[in-house]
Amino acid sequence: MILPIVAYGDPVLRKKAKAIEKGSLDVKKLSDDMFETMYAASGVGLAAPQIGQSVRLFVVDGQPFTEGENEEDIDPTLVGFKKVFINAEILDEDGDEWAFEEGCLSIPGIRNDVYRPEKVTIKYVDEDWNEHEETYEGTAARIIQHEYDHIEGKLFTDYMSPLKRQLLKKRLADITKGNVDVEYKMRFLK
């Protein structure tokens, strides 16, 4: 089922999400709905707070970044990179910070360079409740870090300079009010 994506300004996006207890939630159904919602919005990651659920779950699929690319230009970290992360905890971030222009389905039409470390080590459980501890790098690490921020109540706009945020104040307010044109379902504050 395609769910509406919560727009910038909704308090759920600023809350630290709660851990999911095994059996308390149908994580397979939720993650399937989240993948469907993410694909409908042409995203590569989606966190549960973005659909209004303040729980520690996010889904990623880096495949769209590889489409239309020459084989030698494809980031190998994105090949087969489709996963569900439940109760994730970043254990380590390492390497040089590098810039990449990020955007967010909850903040349509706004993009900005964000500097993040090139590697991330993360502990999580998958939708079958199997535990994992893995290290990712490159664009895969970045997607994880961006979605992880969502379950921590942080947005990519938090990395912007105060001047840049001030310049975007009206556009961000318009998103909060629903004055935005998107090709996917969104939920706005009333």
With no hydrogens and no angle check, do the side chains of Thr77 and Thr139 hold a donor and an acceptor under 3.5 Å apart? no
What I want to find out is whether Glu134 reaches Lys123 closely enough, with some N-O distance under 4.0 Å, to be called a salt bridge. no
* To do: Would you confirm whether Glu118, through its side chain, and Gly95, through its main-chain N or O, come within 3.5 Å as a donor-acceptor pair?
  => no
| Looking only at atom types and distance, does a side-chain atom of Asp126 sit under 3.5 Å from a main-chain N or O of Trp129, one as donor and one as acceptor? | yes
Test side-chain contact (heavy atoms from CB on, under 4.5 Å), reference Leu30, set Ile51, Val59, Val84, Ile86, output is Ile51
If we ignore hydrogens and angles and just use 3.5 Å, is the side chain of Lys185 paired with the main-chain N or O of Ile2 as donor and acceptor? yes
**Prompt:** Counting heavy atoms not belonging to Asp181, are there more than 12 under 6.0 Å from its CG?
**Reply:** no
Could you tell me whether a side-chain N or O of Arg187 sits under 3.5 Å from a main-chain N or O of Pro4, the two making a donor and an acceptor? no
Which of Glu102, Glu97, Glu137 passes salt bridge (Lys or Arg N to Asp or Glu O under 4.0 Å) with Arg116? Answer is Glu102
Open item on the list: Under the criterion salt bridge (Lys or Arg N to Asp or Glu O under 4.0 Å), I'd like the reasoning laid out for Lys28 against Asp128: C-alpha separation, chi angles, the key distance, then a yes or no.
Closed with: CA-CA 8 Å; Lys28 285 189 179 191; Asp128 295 316; 2.6 Å; yes
Nearest heavy-atom contact between Met38 and Gly45 is SD-N, 3.2 Å
Exactly one candidate in His150, Glu89, Glu152 meets side chain to side chain donor-acceptor pair (under 3.5 Å) with Arg56; the answer is Glu152
Check for a donor-acceptor pair, side chain of Tyr184 on one end and backbone N or O of Leu105 on the other, with a separation under 3.5 Å. yes
- Task: Decide whether Asp113 and Tyr159 meet the rule of one side-chain donor and one side-chain acceptor closer than 3.5 Å.
- Result: no
So does Met1 get a backbone contact from the side chain of Asp33, meaning a donor-acceptor N/O pair under 3.5 Å?
yes
Donor-acceptor contact present, side-chain Gln50 to main-chain Ala47, <3.5 Å = yes
Can you tell me if Thr176 uses its side chain to pair, donor with acceptor, with the backbone of Leu172 under 3.5 Å?
yes
